[in-house]
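Encoded as structure tokens, the structure appears first; notes follow it.
Remember, predicted model here, so these are calculated numbers, not experimental data.
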Amino acid sequence: MLQLQVLRDESAKIIDGLAKRYFKDAAEIVSKVLEKDKAKRALQTQIQEEETKLNGESKRVGDLMKAGKQDEATSLRNQIAQSKETAKDNNEKLKALDKELTDLLYKIPNVPAAIVPAGKTPEENKVEYEHGTIPTLHEGALPHWELIKKYDIIDFDLGIKIAGAGFPVYKGKGAKLQRALINFFLSDADKAGYIEMQPPIVVNEASGYGTGQLPDKEGQMYFINEDGLYLIPTAEVPITNLYRDVMVNEADLPIKNAGYTPCFRREAGSWGAHVRGLNRLHQFDKVEIVQITKAENSYQTLEEMSLHVQDLLEKLELPYRKLLLCGGDMGFNSAMTYDFEVFSAAQQRWLEVSSVSNFETFQANRLKLRYKNKEGKTQLLHTLNGSALALPRIVAAILENNQTPEGIKIPKVLVPFTGFEWIM
RNA sequence: GGAGAGGUGGGUGAGUGGCUGAAACCAAUAGUUUGCUAAACUGUCGUAGGGGUUAAACUCUACCGGGGGUUCGAAUCCCCCCCUCUCCGCCA
């Protein structure tokens, strides 16, 4: 959620920025916000004046009673009772206005950073960097959904039997490969100074609001009705919410956390031919990195985090490219996002494996995540996160790109974690 | 699932109707002094918002888990809800 104060001070700049997202009716919603805000403040001033008067009168009643002037006290009391009625009405109006205002604010996405290109579709994302060579596969090379059957390492049918489509069962070396990747990602994050967290994989409603999944995106999360809990779509939610309503000590900044969790996504309505196999799942594993920084450091941190992701991909020897997302392709909460895609040789397409974003104060505003600066002023912090990395598409790329007639070669860096060099 | 206790500022914690936006302590911060990797002393220090000012000063309002009620007046009394803790039960 954007800060109201910023909307007041820089509404033109915000409308300009939102144009890069092709966010509909930006100008209209912003002007509505300002209008409601103005009305609210006017009403508030009025209420406050009334309340000042009432407070003074109440005090006088007490004084009169103490002085033994019962009659005067009684008549003043009756007088107060009347003005209280109007005060009550006005307070209700104020509440209604405030809710309308908040609802409007919820609808406004984050303002893209200055360097984010305008654009509506993924085609307008900017390729910032490419690394690695795309392998040429042998005759008869297979896509990963065939390879997993050939080597019997991931079983979709078993998953369907016990849960449903999109919940695969990892078997034998397939399961070990998962575990190896998770360990590799976590140990690299550890070396980079991220404190590992193992959070719950369900969160309450307040947490959903804190990181911006709610309102509006409840349809994308699994919900446990009986207990009012959501299955997390990413570790971003529980880990970032660890710092909800927290006043951070300046000395503790930046905060760096990493966590492995399974992630659950309903992906309602997003299935099709291009999401075969591991390309899209309801449950998948991911190691997430999260940082909380002062405003002045967040963009430098964004670069640091994307270098961390690049390093992982290079160690895994996967050809990848780094994209700067255009306004229209960015998530609602983000001010700037880099996506990382690996090339899947058998499918002949790029697969998104990581997304690294700076949310600036958009989440912190909701989270009330702040610190006191040297002047003693309370300041919102910036939140950032990134996948480092999401497993399924990495697995898909490893299987496809590293396949040989003899079997699938495990990347060197993973062998200490898997305990085997080949899947055959 | 049953019974009980409790939710107060960055933290611990006092406060049962007006003198309480809230004692005390800790943390933080500014300074003084002595000095040597620190102590002592003094000051400041909740959040959000309105008015006001070039900016301050100043001033007002709300907020003691959330919502409602009683009252001229509520952190304090009443009702509902949420959450946490303890004991019992069940159980990895």
| request: Nearest-nucleotide wise, let me know which of A:D227 and A:K372 is further upstream toward the 5' end of RNA chain B. | output: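 That would be A:K372.
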| task | Tell me which of A:T52 and A:K40 sits closer to the 5' end of RNA chain B, going by the nucleotide each one is nearest to. | result |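 In this pair, the answer is A:K40.
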| field | Base of B:rG49 paired with side chain of A:Q48 (donor-acceptor, under 3.5 Å) | value |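 Yes.
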Could you work out the separation of [N] and [M] based on their [atom1] atoms and round it to a whole Å?
N	M	atom1	result
B:rA39	B:rA27	P	9 Å
B:rG46	B:rU20	C1'	14 Å
B:rA57	B:rG52	C1'	10 Å

Which nucleotide sits closest to the side chain of [X]: [options]?
X	options	answer
A:T378	B:rU47, B:rU61, B:rG49	B:rU47
A:R370	B:rG73, B:rA62, B:rA48	B:rA48
A:K95	B:rG67, B:rC60, B:rA48	B:rG67
A:T45	B:rG50, B:rC72, B:rU61	B:rG50

With both distances kept under 3.5 Å, what pairs with [N], Watson-Crick or G-U wobble?
N	value
B:rG35	none
B:rA30	B:rU42
B:rG21	none
B:rA3	B:rU86

| Lys/Arg-Asp/Glu bridge criterion (N-O < 4.0 Å) met for A:K322, A:E303 |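 Looking at A:K322 and A:E303, the cut-off is met.
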| Minimum heavy-atom separation for A:Q283 to A:F167, with atom names? |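 Distance-wise, the nearest heavy atoms are CB-CD2, 3.6 Å.
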| Any chance the side chains of A:T121 and A:E124 put a donor and an acceptor closer than 3.5 Å? |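 On atom types as modelled, these side chains qualify, holding a pair under 3.5 Å.
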| said: Could you check whether A:Y243 and A:N257, counting side-chain N and O atoms only, form a donor-acceptor pair closer than 3.5 Å? | reply: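 A:Y243 and A:N257 do have a side-chain donor-acceptor pair below 3.5 Å.
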| field | Interatomic distance where OH belongs to A:Y371 and P belongs to B:rG46 [whole Å] | value |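 Those two atoms, OH and P, are 19 Å apart.
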